[in-house]
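Owing to the predicted nature of the structure, the values given are computational and were not obtained by experimental measurement. Positions are given from 1 along the sequence.
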Amino acid sequence: MTTTVKKIRAISIHAPHAYAICLGRKPYEYRNSPTKVRGWVLIHSSSSKASDKYFKDYGLEDIKHLVSRQAIIGAAFISDCHKMEEGDYGYLFSEVLLFDNPVDGVKGCQSIFWGDCNDPAKIKAFEQAKNELKAFDVSI
């Protein structure tokens, strides 16, 4: 069964967390505001190394040297948003995909969810990401 994506957005996440999400090892992304967004979002591995200590926590220390940064590395399906005990909100991912070919050289954005923004480089990156989604039978 093919899943259709009409307009897709991305979320920028520090590398260890982004990879843990795409590998199904981190079911929630925690943010300080709720979201009504549901459906597929692209997972962008940011350039920050501030969270690199968490590679070990996810059992990913063996791939740390292979990770792409400033890249769209996969996609995840947000199925819900929960108020968490700590005052944060957890965006629940019910399906996740790690791309075989990350889309490198993509600068993220500060906003939680961002799109191609009519930026030619981001438009090209999103088209490449959409092609990666087709390999998983997720079509645009």
Side-chain angles (χ1 to χ4, degrees):
M1 177 192 220
T2 300
T3 303
T4 302
V5 178
K6 292 185 175 135
K7 174 130 174 107
I8 196 158
R9 293 179 264 185
I11 185 170
S12 293
I13 303 171
H14 291 185
H17 306 299
Y19 277 87
I21 287 167
C22 291
L23 291 168
R25 297 181 188 182
K26 184 176 187 265
Y28 286 95
E29 171 62 9
Y30 300 99
R31 299 291 169 125
N32 60 10
S33 59
T35 185
K36 292 182 180 181
V37 171
R38 300 293 184 272
W40 288 102
V41 294
L42 298 174
I43 303 297
H44 176 263
S45 174
S46 71
S47 62
S48 177
K49 294 185 178 186
S51 298
D52 278 10
K53 64 184 177 184
Y54 294 105
F55 276 105
K56 186 174 182 179
D57 292 351
Y58 295 119
L60 300 173
E61 63 272 16
D62 57 328
I63 69 158
K64 182 178 175 182
H65 66 286
L66 299 173
V67 303
S68 292
R69 295 181 193 266
Q70 283 197 342
I72 297 170
I73 63 160
F77 191 91
I78 298 177
S79 58
D80 209 348
C81 177
H82 298 276
K83 176 85 168 149
M84 307 309 276
E85 290 179 26
E86 305 82 30
D88 287 335
Y89 293 87
Y91 303 172
L92 177 62
F93 300 114
S94 60
E95 295 181 62
V96 294
L97 307 170
L98 180 65
F99 293 166
D100 290 333
N101 303 299
V103 181
D104 291 315
V106 182
K107 290 186 179 184
C109 294
Q110 290 293 326
S111 60
I112 294 178
F113 296 102
W114 51 275
D116 58 35
C117 312
N118 295 323
D119 173 338
K122 283 192 171 74
I123 291 169
K124 182 178 178 183
F126 272 56
E127 288 304 316
Q128 286 177 279
K130 289 175 185 177
N131 286 334
E132 286 295 314
L133 285 170
K134 288 179 186 174
F136 294 96
D137 205 20
V138 176
S139 65
I140 310 315

(message) So R31 and I11, do their side chains get closer than 4.5 Å, heavy atoms only?
(response) yes
(message) Can you list everything that forms a side chain to side chain contact (heavy atoms under 4.5 Å, CB included) with E127? Sequence neighbours excluded, please.
(response) K130
(request) Decide yes or no for K107 and S47: does some side-chain heavy atom of the first lie under 4.5 Å from some side-chain heavy atom of the second? (result) no
(message) My understanding is that only residues two or more places apart in sequence, or in another chain, count here; which of them pass side chain to side chain donor-acceptor pair (under 3.5 Å) with Y58?
(response) H17
(message) Are F136 and V103 connected into the same hydrophobic cluster when the rule is that any two of I, L, V, M, F, W, Y join if their side-chain heavy atoms are below 4.5 Å apart?
(response) yes
(message) Holding to side chain to side chain donor-acceptor pair (under 3.5 Å), I want the full list of residues that pass it with D119, two or more places apart in sequence or in another chain.
(response) none
(request) Might you point out which heavy atoms bring A125 and V106 nearest each other, and give the distance in Å? (result) CB-CG2, 3.5 Å
(request) Return the set of residues passing ring pair (Phe, Tyr, Trp, His ring centres under 6.0 Å) with F126 (not counting sequence neighbours), or none when no residue passes. (result) W114
(request) Report yes if the side chains of L23 and V96 come closer than 4.5 Å at any heavy-atom pair, otherwise no. (result) no
(message) Measuring only between side-chain heavy atoms, which start at C-beta, is I21 closer than 4.5 Å to Y91?
(response) no
(request) Taking the side chain as every heavy atom from C-beta outward, state whether L97 and W40 have any atom pair closer than 4.5 Å. (result) yes
(message) Give me the atom names and distance for the closest heavy-atom approach of C109 to K122.
(response) SG-CE, 3.8 Å
(message) Do F93 and I112 land in one hydrophobic cluster if side-chain heavy atoms of ILVMFWY residues count as linked below 4.5 Å?
(response) yes
(request) Check whether I43 and Y30 end up in the same hydrophobic cluster, where Ile, Leu, Val, Met, Phe, Trp and Tyr are linked by side-chain heavy atoms less than 4.5 Å apart. (result) no
(request) Would you please name every residue forming a side chain to side chain donor-acceptor pair (under 3.5 Å) with T35, sequence neighbours left out? (result) none
(request) Decide side-chain contact (heavy atoms from CB on, under 4.5 Å) for F99 and L133; before the verdict, give the C-alpha distance in whole Å, the side-chain angles of both, and the deciding distance to 0.1 Å. (result) CA-CA 8 Å; F99 293 166; L133 285 170; 3.9 Å; yes
(message) Please report the interatomic distance CG(D88) to CD(E29), rounded to the nearest 0.5 Å.
(response) 10.0 Å
(request) For F113, look at atom CZ and say whether over 12 heavy atoms of other residues, nucleotides or ligands are found less than 6.0 Å away. (result) yes
Side-chain donor-acceptor contacts of residues 59-84 below 3.5 Å, not counting sequence neighbours, with atom names and distances?
| from | atom 1 | to | atom 2 | distance (Å) |
| --- | --- | --- | --- | --- |
| H65 | ND1 | D62 | O | 3.4 |
| S68 | OG | D104 | OD1 | 3.2 |
| R69 | NH1 | S48 | O | 2.9 |
| R69 | NH1 | D52 | OD1 | 3.3 |
| R69 | NH2 | D52 | OD1 | 3.0 |
| R69 | NH2 | D52 | OD2 | 2.8 |
| K83 | NZ | G87 | O | 3.4 |

(message) I need the minimum non-hydrogen distance between Y89 and S33, along with the two atoms involved.
(response) CD1-C, 3.5 Å
